[in-house]
> 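Dropping the structure in here first, questions after.
Predicted, not measured: the structure shown is a model, and the values here were computed from it. Every chain is numbered from 1 and lettered A, B, ... according to where its sequence line falls, protein lines coming before strand lines.
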Number of protein chains: 2
Amino acid sequence: MSSGADARTAHRPSAPARPGLRERKKAKTRAAIQRHALRLFKKRGYDETTVEDIAEAAEVSPSTFFRYFPTKEDVVMYDVFDPVLLASLRSQPHGLDPVRAMRAAMRQVFRDMDEEDREDLLEREALFRLVPDLRARMMDELLRTVSVLARIIAERTGRRAGDLGVRVVAGAIIGALISAWLTEEGESLGVDIYRGMDRALEKLESGLSL
Amino acid sequence: MSSGADARTAHRPSAPARPGLRERKKAKTRAAIQRHALRLFKKRGYDETTVEDIAEAAEVSPSTFFRYFPTKEDVVMYDVFDPVLLASLRSQPHGLDPVRAMRAAMRQVFRDMDEEDREDLLEREALFRLVPDLRARMMDELLRTVSVLARIIAERTGRRAGDLGVRVVAGAIIGALISAWLTEEGESLGVDIYRGMDRALEKLESGLSL
DNA sequence: CCATATATTGACAGAGACTCCTATTTAGGA
DNA sequence: TCCTAAATAGGAGTCTCTGTCAATATATGG
């Protein structure tokens, strides 16, 4: 009960709004579950990995797993990328038209991403491509993304978010990005995933003429 | 074993390539399952209707249900609309650019559809909008549609289906259609679903300027 | 009309995702 | 130290979906 460690932690000079032990433990548990899940999915496949396997690897009970993630899918779905991208889009100069602004935002986000996040992204991208349930779920999330994108474009151009023109632009952008993701033979894009999306938006910029 | 009915059926003068009793029975069973399923989904909700409920209503065993439809989702998914639309697209004059050709194809298909099919379409559309699993599954099907669409556009314009420009056009078309389907408040579009999609493609025709 | 090959069917047994409930443990505060 | 609220483990149970099995129905050849 009385050790050097005690003194050290006691003297910590007001860590700015430290979340408290309970919160820290929760964050650690969540991260552990997610990490072990992705590791097992990669190693043995998604369908071949049960929630029980993940729970055991992360040293929690199955019920605890479901406390942190509503479904098995959600372990993969959780995405830090989307909100960052959309925030970046919001911060682009309003002079740019929507497609160009999106291109700039993507360029910025990909550039600023550290190596670990990049790997995570590719890892999850491979799962999305491979596992039908996850792919379907991702597509459904993209539906929400179209709505958010429309709202941002509306802000930037001073129109209503419900405006059909605004919605069509948002839909076309997402559609173009999907089409870049969609390779012929299911082979993974690797790091060039960004390059393909950039070129797709470039095509969109210069109109849809063939 | 010997009745008037026997004589009648025996004398039927060579129905052209009549599928045989077995086939006809299968088609009837399939239709019955699907009809009762949609009826129950509408009445009690998708999740609240079990496969067993459907099987009992259609007077088959649960195992028979799964023989006809791989999953519960597939009862709703089966779509006669897509192939018809794509066939129509293929038959449009090659002078039209892809977006205009798609518009023409949709106009033709919606015009030629009979009332019953139209109702079925709206019925299923409502389910897609409402039930997350089905919506996600539909979006995943749309992914395949983008590929097929790209292939058709490639044929019409004499390019490779893998060409990024072709894929982007296909993606943008589907994206625009999705954005029209995506209403603000989850309210159903009703019969105007066609009108919204037509206007969305019209916007796409005139470029993406806002 | 009969015999054999093939298909369809229903019953049953599980696996696995997920829910609900309860007893126990733990963190944070009085 | 004690109390309360939250987190957890564990168990029972539901539902979808996958198999296997034997019984039945159908198509076809003799």
> Starting from C1' on C/dT19, measure out to OH on A/Y68 and report it in whole angstrom.
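About 19 Å, once rounded to whole Å.
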> Whole-Å distance between C/dG14 P and A/E52 CD?
17 Å
> Which of these nucleotides, D/dT8, D/dA7, D/dT16, is closest to any side-chain atom of B/T50?
D/dT16
> Rounding to an integer number of Å, can you tell me how far B/D47 CG sits from C/dT19 P?
11 Å
> Quiz question: going by heavy-atom distance under 3.5 Å, is there a donor-acceptor pair between the base of D/dA9 and the side chain of A/S63?
yes
> Carefully, step by step, assess A/F110 and A/D198 under the rule side chain to side chain contact (heavy atoms under 4.5 Å, CB included).
CA-CA 11 Å; A/F110 271 95; A/D198 188 58; over 6 Å; no
> May I ask you to establish whether A/K72 and A/Y46 are in a cation-pi arrangement, using a distance under 6.0 Å from NZ or CZ to the six-membered ring centre and at most 45° from the ring axis?
yes
> Taking CZ from B/F66 and P from C/dT9, how many angstroms apart are they, rounded to a whole number?
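Roughly 15 Å, once rounded to whole Å.
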> Calculate the interatomic distance between A/E56 atom CD and D/dA9 atom P; express it in whole Å.
13 Å
> Taking the six-membered ring of A/W181 (Phe, Tyr or Trp), confirm whether the NZ or CZ of B/R167 is under 6.0 Å from its centre and within 45° of its axis.
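Pair B/R167/A/W181 does not count as cation-pi.
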> So, is A/K25 close to the D/dA7 phosphate, meaning a side-chain N or O under 4.0 Å from OP1 or OP2?
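No, outside the criterion.
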> Let's see if you can work this out: which of C/dT8, C/dA17, C/dG10 has an atom nearest to the side-chain heavy atoms of A/K72?
C/dA17
> Looking only at side-chain atoms of A/T64, point me to the closest of D/dA9, C/dA27, D/dT26.
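Comparing D/dA9, C/dA27, D/dT26 against the side chain of A/T64, the answer is D/dA9.
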> Please report the distance, rounded to the nearest Å, between CZ in B/R67 and P in D/dC17.
16 Å
> Can you work out whether B/V60 or A/Y46 has the more 5'-proximal nearest nucleotide on DNA chain C?
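Its nearest nucleotide being more 5', the pick is B/V60.
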> Could you tell me how far apart A/F41 (CZ) and C/dG16 (P) are, to the nearest whole angstrom?
14 Å
> Mark yes or no: A/R118 above the aromatic ring of A/Y194, with NZ or CZ under 6.0 Å from the six-membered ring centre and no more than 45 degrees from the axis.
no
> Could you state the atom-to-atom distance from CZ of B/R24 to C1' of C/dT8 in whole Å?
17 Å
> Classify the nucleic acid contact of B/P62 as base, sugar-phosphate or nothing, counting any heavy atom under 4.0 Å across all strands shown.
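Counting heavy atoms under 4.0 Å across all strands, no contact is made by B/P62.
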> Start with the C-alpha distance between A/T64 and A/S61, add both sets of side-chain angles, then the distance that settles side chain to side chain donor-acceptor pair (under 3.5 Å), and finish with yes or no.
CA-CA 5 Å; A/T64 299; A/S61 74; 3.1 Å; yes
